[in-house]
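Here is the structure we will look at, set down as structure tokens.
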Amino acid sequence: MKIQKLLLTAAAAAILTTTGAVAFDRDRDGRPDRSMAERHDRDGYRDARHDRYWRNGYNRFAGRDMVFRNLRANHYYRWAGDPYWFQGRYVIKTYDRFGHVIFVEANPYTGAYIGVIRF
């Protein structure tokens with residue numbers, strides 16, 4: 001009985017150490033920590049291929065007047081400040097018809113209304 005417990009304990013320890021080493025080597029996205037993609041995630045490198053708004057033919061950001069024109073077209077008549085980037089989204093702090101503060105997402109290249117952001 002003692003040998004059986006000893007072997008079972010040794011096998012469990014071996015399994016835990018091998019799976020633990022694999023788990024520490026990868027992030028929650030499944031990529032190895034030292035891969036090129038992980039390095040670029042940390043250094044702020046962004047490419048047009050990684051920008052979810054990007055389409056062929058866009059060459060620069062839309063003016064703020066275009067963004068505000070599209071807000072008015074979607075019945076948002078009051079806002080606080082200029083559009084800015086927040087957690088990878090181009091947002092504008094604005095007010096709904098009841099006077100509550102909300103964040104509206106816009107396309108940074110066309111100024112098009114995308115929708116209300118809920119955090």
Side-chain angles (χ1 to χ4, degrees):
M1 187 72 172
K2 289 182 181 182
I3 292 279
Q4 215 172 14
K5 281 186 181 180
L6 181 65
L7 289 176
L8 185 63
T9 305
I15 289 172
L16 285 175
T17 56
T18 57
T19 58
V22 172
F24 287 124
D25 190 32
R26 297 185 180 271
D27 283 341
R28 59 193 149 130
D29 57 4
R31 295 185 297 200
D33 285 336
R34 290 181 288 291
S35 70
M36 186 177 112
E38 286 293 323
R39 283 195 305 270
H40 287 313
D41 285 348
R42 288 190 296 273
D43 68 4
Y45 173 79
R46 297 278 303 174
D47 191 2
R49 292 172 292 167
H50 297 105
D51 189 351
R52 68 173 160 184
Y53 300 105
W54 182 260
R55 300 286 181 271
N56 286 330
Y58 294 165
N59 55 3
R60 59 182 181 173
F61 292 122
R64 56 188 284 254
D65 58 336
M66 186 178 270
V67 174
F68 295 143
R69 185 179 313 129
N70 286 323
L71 280 177
R72 278 189 219 101
N74 286 285
H75 308 290
Y76 295 105
Y77 300 105
R78 294 177 29 202
W79 48 84
D82 291 335
Y84 58 94
W85 290 97
F86 182 73
Q87 295 181 351
R89 299 173 186 263
Y90 197 60
V91 297
I92 302 101
K93 185 178 176 181
T94 184
Y95 299 91
D96 63 2
R97 63 184 179 158
F98 304 110
H100 299 124
V101 175
I102 59 170
F103 291 91
V104 173
E105 184 177 7
N107 187 320
Y109 302 103
T110 62
Y113 170 83
I114 293 178
V116 176
I117 302 295
R118 302 198 194 286
F119 294 110

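We use all heavy atoms of the structure for the numbers below, so side chains are in, but hydrogens, waters and symmetry mates are not.
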| query | What is the minimum heavy-atom distance between A62 and Y109, and which atoms define it? | reply |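 Heavy atoms of A62 and Y109 come nearest at CB-O, 3.6 Å.
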
| said: How close do W85 and P108 get, counting heavy atoms only, and between which atoms? | reply: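 Between these two residues, the closest heavy atoms are CH2-CG, 3.6 Å.
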
Could you tell me the separation between the [atom1] atom of [X] and the [atom2] atom of [Y], rounded to the nearest 0.5 Å?
| X | Y | atom1 | atom2 | result |
| --- | --- | --- | --- | --- |
| R78 | D96 | CZ | CG | 9.0 Å |
| T9 | Q4 | OG1 | CD | 11.0 Å |
| I92 | W79 | CD1 | CH2 | 9.5 Å |
| T94 | R72 | OG1 | CZ | 10.5 Å |
| N70 | D65 | CG | CG | 10.0 Å |

| query | Do I102 and V67 belong to the same hydrophobic cluster, where Ile, Leu, Val, Met, Phe, Trp and Tyr are linked whenever their side-chain heavy atoms lie under 4.5 Å apart, directly or via other members? | reply |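 Same cluster: I102 reaches V67 through Ile, Leu, Val, Met, Phe, Trp or Tyr contacts under 4.5 Å.
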
| message | Please give the remaining members of the hydrophobic cluster of V101, linking ILVMFWY side chains under 4.5 Å, ordered by chain and number. | response |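 Members other than V101 - counting any ILVMFWY side chain reachable under 4.5 Å - are Y95.
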
Return all side-chain donor-acceptor pairs below 3.5 angstrom for residues 110-119, not counting sequence neighbours, or 'none' if the list is empty.
unit_1: T110; atom_1: OG1; unit_2: A112; atom_2: N; d: 3.3

| query | In terms of the angle between their ring planes, are H75 and Y77 parallel, tilted or perpendicular, with boundaries placed at 30° and 60°? | reply |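 Ring orientation of H75 relative to Y77: perpendicular.
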
